[in-house]
Trainee: 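So that we are looking at the same thing, I have put the structure below in structure tokens.
Along the sequence shown, residues are numbered consecutively beginning with 1.
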Amino acid sequence: MADGGASTLAVLGAAQLGVLGYAASLGVGLVFMQAAVPKLRNTQLFAGVLANYRLLPGFLIAPAALLLPIAELWVGLALMLDHASHFAPVAMALLLLFAIAMGINIARGRREIDCGCGRSDLRQPLSWLLVVRNVLLAALLLPYLGTVPDIGLNLVNSAIAMAGGITIYLLYLLFNAIGALAASPLAAQRR
């Protein structure tokens, strides 16, 4: 009887890890998709954002401005279509690369440049909070560096995972909106 209880707990733990993993891949996938679309719509604006980071040689800026959003779109789509076991390391690497690029510029005293996180109407300067945000998004995908159990076709688990993924995405949008509003000229006038 005790052995049956232990195996039941192991199955429940595996199912919960599977739900959390799927929620994370959906949420982070949505983040990547949302970040890629505005960059693809205006590659020239995004090229300017990349140039402002002063990390790439000039001849690499235009190709990077085109290829980076395509990579974000591809990774986001793969994460959302449950290919996270293959694409989570790529997503984590991109998120950590973005965090490092922001951190380098903050350390250089260049906080005023736009983060380039997506929507140009919600531009926000670099901050350590954005660095932490990217590290946390990458950390959400850590279970995929191991073996994330398949949650199967269980309708309840799938619905919970989808709700969790949408929640992660909405929290990301809320975080960005608050950050952009706090950095806006109107907020500066009130201080």
Trainee: Would you say Leu126 and Ile113 make side-chain contact, with heavy atoms under 4.5 Å?
Mentor: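 Yes, side chains in contact.
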Trainee: In terms of hydrophobic clusters joined by side-chain contacts under 4.5 Å, are Leu141 and Ile100 together?
Mentor: yes
Trainee: Given side-chain contact (heavy atoms from CB on, under 4.5 Å), test Ile70 with Leu40 step by step and report yes or no.
Mentor: CA-CA 8 Å; Ile70 291 171; Leu40 286 169; 3.8 Å; yes
Trainee: What do you reckon, is CD of Gln44 surrounded by more than 12 foreign heavy atoms closer than 6.0 Å?
Mentor: no
Trainee: Roughly how far, to the nearest 0.5 Å, is CG of Leu67 from CD of Glu72?
Mentor: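 Rounded to the nearest 0.5 Å, the CD-CG separation comes to 11.5 Å.
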Trainee: Between Asp114 and Gln124 (side chain of the first, backbone of the second, donor and acceptor by atom type, cut-off under 3.5 Å), is there such a pair?
Mentor: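 Checked: pair present.
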Trainee: Are Met92 and Val132 linked, directly or through intermediate hydrophobic residues, by side-chain heavy-atom contacts shorter than 4.5 Å (ILVMFWY only)?
Mentor: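 Val132 does not cluster with Met92.
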Trainee: Got a donor-acceptor contact below 3.5 angstrom from the Asn105 side chain to the Tyr53 backbone?
Mentor: yes
Trainee: Could you walk me through whether Arg133 and Asn176 pass the side-chain contact (heavy atoms from CB on, under 4.5 Å) check?
Mentor: CA-CA 10 Å; Arg133 178 206 63 196; Asn176 281 352; 2.6 Å; yes
Trainee: Hey, could you give me the OH/CZ distance between Tyr169 and Phe32, rounded to the nearest 0.5 Å?
Mentor: 13.5 Å
Trainee: What class does the angle between the rings of Phe87 and Trp74 fall in, given that below 30° is parallel, 30 to 60° is tilted and above 60° is perpendicular?
Mentor: perpendicular
Trainee: Same hydrophobic cluster for Leu20 and Leu171, using side-chain heavy-atom links shorter than 4.5 Å among ILVMFWY?
Mentor: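 Leu20 does not cluster with Leu171.
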Trainee: Give, for atom CG of Leu145 and atom OG of Ser85, the distance between the pair rounded to the nearest 0.5 Å.
Mentor: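 Those atoms lie 11.0 Å apart.
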Trainee: Between Ala36 and Pro69, which heavy-atom pair has the shortest distance, and what is it?
Mentor: CB-O, 3.3 Å
Trainee: Quick one: does Leu129's side chain get under 4.5 Å of Phe175's, heavy atoms only?
Mentor: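 Side chain of Leu129 against side chain of Phe175, heavy atoms only: contact under 4.5 Å found.
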Trainee: Search all heavy atoms of Gly165 against all heavy atoms of Leu30 and return the closest pair with its distance.
Mentor: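 Minimum heavy-atom contact is O-CD1, 4.4 Å.
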Trainee: If you take all heavy atoms of Ala35 and Cys117, which pair is closest and at what distance?
Mentor: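 Reported closest heavy-atom pair: CB-O, 3.4 Å.
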Trainee: Could you tell me if the side chain of Val49 sits less than 4.5 Å from the side chain of Lys39, heavy atoms only?
Mentor: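 With C-beta onward as the side chain, the pair stays apart.
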Trainee: Closest heavy-atom contact between Ala99 and Val131?
Mentor: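 Minimum heavy-atom separation between Ala99 and Val131: O-CG2, 3.8 Å.
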Trainee: Tell me if the CZ atom of Arg111 is crowded by more than 12 foreign heavy atoms within 6.0 Å.
Mentor: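 Atom CZ in Arg111 is crowded, with more than 12 foreign heavy atoms closer than 6.0 Å.
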Trainee: Please examine the side chains of Leu95 and Val31, heavy atoms only from C-beta on, and report whether any two atoms are closer than 4.5 Å.
Mentor: no
Trainee: With rounding to the nearest 0.5 Å, note down the distance linking CZ in Arg54 to CD1 in Ile104.
Mentor: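 The CZ atom of Arg54 sits 14.0 Å away from the CD1 atom of Ile104.
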Trainee: Count the heavy atoms belonging to other residues, nucleotides or ligands that lie under 6.0 Å from CZ of Arg41, then report whether that count exceeds 12.
Mentor: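 Atom CZ in Arg41 is not crowded, with 12 or fewer foreign heavy atoms closer than 6.0 Å.
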Trainee: Where is the tightest heavy-atom contact between Ala91 and Leu79, given as atom of each residue plus distance?
Mentor: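 Taking every non-hydrogen atom into account, CB-CD1, 3.8 Å.
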Trainee: Indicate if Val28 and Leu97 have the same hydrophobic cluster label, given that clusters are the connected sets of ILVMFWY residues with side-chain heavy-atom separations under 4.5 angstrom.
Mentor: no
Trainee: Rounded at 0.5 Å granularity, tell me how far OG1 in Thr167 sits from CG in Leu174.
Mentor: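 The distance works out to 12.0 Å.
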Trainee: Between Tyr172 and Leu136, is there shared hydrophobic-cluster membership here, with clusters defined by ILVMFWY side-chain heavy atoms closer than 4.5 Å?
Mentor: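 Different clusters: Tyr172 never reaches Leu136 through Ile, Leu, Val, Met, Phe, Trp or Tyr contacts under 4.5 Å.
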Trainee: How far does CZ of Phe46 sit from CG of Leu66, to the nearest 0.5 angstrom?
Mentor: 10.5 Å
Trainee: Check whether any side-chain heavy atom of Leu173 sits under 4.5 Å from a side-chain heavy atom of Gln34, and report yes or no.
Mentor: yes
